[in-house]
Chemist: 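A single structure is presented below for examination.
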Amino acid sequence: MPEQSSDIGALVRGIRTAVSPFRSVLRELHGSYSSVSDGTVADYIPELAGADPAWFGIAAAGAADGQLFEAGHSGLEFTIQSIAKPFVFGLALEDNGRENVAERVGVEPTGDAFNSIIKLDEGSHRPHNPMVNAGAIATAALLKGDTQVARLNRLLDMFGRYIGRRPKVDVAVFASERHTGHRNRAIAHLLLNFGMLPPNVEEVLDLYFQACSVLVTARDLAMMAATLANGGVNPLTGERALQARYVQDVLSVMYTCGMYDYAGQWAYEVGLPAKSGVAGGVITVVPGRMGMAVFSPPLDSHGNSVRGVAVCRELSRRFGLHCFSSAPAADGAQLPWPAPGAATSPQPA
Ligand code: GLN
């Protein structure tokens, strides 16, 4: 009886979560970083300005089992904003293939702010990468669907496969950004001028704004990150959200470009693919092991969540998660999920 076995699975996961030391670590970090009061809530999208700077949630999900660990406001909904970008890029790759996408958007970090308007590749006029607004707008234009509604439905279906439920768009945030997004509109028209966007600029922008206005929780984002960590398959539903061959493309641009003009420092210190959004979300992927997400609205000067960066940095350091780390975690700290291929008992020579 599948229902009964899934109930038992949920019960076992619940018990393991309750007794896990990892849950205590997340609660401890939540407690210690709650007092950080640096950063400012984004207000250039008027509807975001009402966010409470005290909101703070952390969630982590296992890549193999979807087991969830949470602390604080992990069930509070907020808009995904730029964290949509890698997922939209993944769908564009599936819809068009790598070569066609590469004609419209590159994979080079810019070292510029997320909303930089000036930097298009001089020769090709392509935006540098799909993680900055120019690249994400170009990527949104590549999504297949006969009508605007069909494209939006495909976008929401795609998010639904990662999350395990179809999300909604926050219409107030969408309208707010649509009304005030002059800079993104200027970027889009510059792309149109160079023949990098089709003439239906307003439709493309709407789809981009709608993607940014998708409502998620830290819990949802952790599951989305865990799905990427699990080779594109949602660990709880077993549904494939992204074709396996494109997972490395998405993770690569997240690694090099996901944190905007902080991407180099992030790669150096945290050493994991990540993406942030101006509503205060940050996701980080530990390939083969887990996805994590932090939600805390106050942002630093790069547009990244202050507490989100701090928590991810601390988790990476404590558990030795940097992708180039060859030393074990200092105090032997272990994630609840072993590293892929890690020996659990001594191997024969
Ligand atoms: N919707 C936002 C914008 O286009 C996304 C930016 C972000 O999250 N960094 O400005």
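One-based numbering, in listed order, for ligands and for the atoms of each.
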Chemist: Does the side chain of Met223 come within less than 4.5 Å of Leu68's, by heavy atoms?
Modeler: yes
Chemist: Side-chain contact test, heavy atoms from C-beta onward, threshold under 4.5 Å: evaluate it for Arg178 versus Asp206 and give yes or no.
Modeler: yes
Chemist: Is it true that a side-chain atom of Glu108 and a backbone atom of Asn129 form a donor plus acceptor pair closer than 3.5 Å?
Modeler: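 Such a contact is absent between Glu108 side chain and Asn129 backbone.
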Chemist: Nearest to atom 3 (C) of ligand 1 by heavy atom, Lys85, Met131, Gln81, Glu177: which?
Modeler: Glu177
Chemist: Could you list the atoms of ligand 1 found under 4.0 angstrom from a heavy atom of Gly277?
Modeler: 8 (O)
Chemist: Any salt bridge (Lys or Arg N to Asp or Glu O under 4.0 Å) pairs touching residues 316-327, not counting sequence neighbours?
Modeler: Glu28-Arg318, Glu314-Arg317, Glu314-Arg318
Chemist: At under 4.0 Å between heavy atoms, is it the side chain or the backbone of Tyr44 that contacts ligand 1, or both, or neither?
Modeler: side chain
Chemist: Closer than 4.0 angstrom: is that true for some heavy atom of Tyr260 and an atom of ligand 1?
Modeler: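 Under 4.0 Å: yes for Tyr260.
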Chemist: Just heavy atoms, cut-off under 4.0 Å: does Cys212 contact ligand 1 by side chain, backbone, both, or neither?
Modeler: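 Only the side chain of Cys212 comes within reach of ligand 1.
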Chemist: Within the 4.0 Å heavy-atom shell around Asn184, which atoms of ligand 1 are there?
Modeler: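 Those atoms are 3 (C), 4 (O), 10 (O).
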Chemist: Should you measure from each heavy atom of Ser82, which atoms of ligand 1 turn up under 4.0 Å away?
Modeler: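 Answer for ligand 1: 5 (C), 6 (C), 7 (C), 8 (O), 9 (N).
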Chemist: With Phe89, which residues qualify under ring pair (Phe, Tyr, Trp, His ring centres under 6.0 Å), at least two apart?
Modeler: none
Chemist: Looking only at heavy atoms, is any part of Asn133 under 4.0 Å from ligand 1, and if so is it the side chain, the backbone, or both, or is it neither?
Modeler: side chain
Chemist: More than 12 heavy atoms of other residues, nucleotides or ligands under 6.0 Å from NE2 of His179: yes or no?
Modeler: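 At most 12 heavy atoms, drawn from other residues, nucleotides or ligands, come within 6.0 Å of this atom.
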Chemist: Compute the ring centroids of Phe78 and Phe295, then answer whether they are less than 6.0 Å apart.
Modeler: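 Distance test on ring centres: under 6.0 Å, yes.
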Chemist: Under 4.0 Å from ligand 1, counting heavy atoms only, is it the side chain of Ile83, its backbone, both or neither?
Modeler: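 Answer for Ile83: neither.
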